[in-house]
Number of protein chains: 2
Amino acid sequence: MFELRVTPGGNRPIYRQIIDQVRQAVATGELAVGDALPSVRQLAEELVLNHNTVAKAYAELVREGVLDSRHGRGVFVAKRRRVYSAGERKRRLDQALNVFLSEALTLDYTPQQIEEAVTNWLDQMTTSKAKDSEVD
Amino acid sequence: MFELRVTPGGNRPIYRQIIDQVRQAVATGELAVGDALPSVRQLAEELVLNHNTVAKAYAELVREGVLDSRHGRGVFVAKRRRVYSAGERKRRLDQALNVFLSEALTLDYTPQQIEEAVTNWLDQMTTSKAKDSEVD
DNA sequence: TATAGTGTACTGCTATACGTGGTACACATA
DNA sequence: TATGTGTACCACGTATAGCAGTACACTATA
């Protein structure tokens, strides 16, 4: 079962935390294509949040192509699809990478340690569930 | 010479962009220990910003241990030092890594492509200038 | 000593983001 | 018909981002 945890008052906004965790769950295969997510109000009640906050997170995930929403039915994990142009896609990766590496290097981790951490996480995230991902 | 570029109205706050770029410049060695940074007002004028915005970015970098500020003299690249406990340090790395990987995987990059991108950037960032970093 | 440049700390103001609370409507399903 | 769904509002309070201006203490240099 898909579990979500959230910490209000953290450095990261609540709806962002939801986005991060859903992204990760989809990436690892913990949530498979077609799986239903908890309804807006149900998840809001679980996490003691306002339903608008949950809806905001879901809406962004739909915009990103991670989720599909069907009016009156619920929200579901979407079939993999590209929502950004090639340039925009690369631009977003570069920015994310730049932010991450600057942070890691500032924390005084060595390049070796960083590469190792990345590899470990990727292994951990992708070996848990088999996934078929065809990419150009 | 150390150059900075900033885009207002972007998804990332201006003072954050300054922080990111200074972090990166220090990490790559483009800015060496002891180097002076542009003064608060000078940089503010260059970037057409308020000096408070620059001061805010510098203040955070001082808090992180990246910069030293000497009253009446200026701000300088600090000698490497740890400002976080071991636990906090790891916690921050994990969060940064989680955010980055979720983003990259959502963008539909494969683990192989991600590892390659990380390696390339680290090479590019660290081969430009030699750095001595002793880590436990 | 006087002056200029430095970091720092305020106050006030505007705009935006975040989150809550409530209401309402259209859709789907049993 | 009744219930649960996504979605779209509005109002409100709080926090963050950024600008503008002012002020003060420090440092260096003429």
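Residue numbers start from 1 in every chain, and the chains themselves are labelled A, B, ... in the order their sequence lines are given, proteins ahead of strands. Only a predicted model underlies this, so the values are computations on that prediction, with no experimental measurement involved.
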I'd like to know if [X] reaches the base of [N] with its side chain such that a donor and an acceptor end up less than 3.5 angstrom apart.
X: B/R41; N: C/dT8; value: yes
X: A/N52; N: C/dG22; value: yes
X: A/N50; N: C/dG22; value: no

Is any side-chain nitrogen or oxygen of [X] closer than 4.0 Å to OP1 or OP2 of [N]?
X: B/K56; N: D/dA17; answer: yes
X: A/R73; N: D/dG6; answer: no
X: B/S69; N: C/dT6; answer: no
X: A/S39; N: D/dT5; answer: yes
X: A/T53; N: C/dT20; answer: yes

Q: Name the residue closer to the 5' end of DNA chain C, choosing between B/G72 and A/R70 according to the nucleotide with the nearest heavy atom.
A: B/G72
Q) Considering heavy-atom distances to DNA chain C, does A/R16 or B/A55 have its closest nucleotide positioned more toward the 5' end? A) B/A55
Q.
Quick check for you: among D/dA17, C/dC18, C/dT23, whose closest atom lies nearest to any side-chain atom of A/H51?
A.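 Selected nucleotide: C/dT23.
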Q. Counting side-chain heavy atoms from CB outward, which of D/dT22, C/dC18, D/dA17 is closest to B/Y15?
A. D/dA17
Q: For the residue pair A/Y84 and A/E64, establish whether any side-chain heavy-atom pair is separated by less than 4.5 Å.
A: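 Side chain of A/Y84 against side chain of A/E64, heavy atoms only: contact under 4.5 Å found.
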**Q.** Min side-chain heavy-atom separation A/L105-A/I114 under 4.5 Å
**A.** yes
Q | Distance in angstrom units between A/R63 CZ and D/dG6 C1', rounded | A | 15 Å
Q.
Under 4.0 Å between a side-chain nitrogen and a carboxylate oxygen: does that hold for B/R12 and B/D20?
A.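 Yes, B/R12 and B/D20 are salt-bridged.
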(Q) Using a 4.0 Å heavy-atom cut-off, does A/Y58 contact any base of the nucleic acid, only the sugar-phosphate backbone, or nothing at all? (A)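 A/Y58: no heavy atom of the nucleic acid under 4.0 Å.
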Q. Regarding A/R89 and the six-membered ring of B/Y109, is the cationic atom NZ or CZ under 6.0 Å from the ring centre and inside 45° of its axis?
A.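 So A/R89 does make the cation-pi contact.
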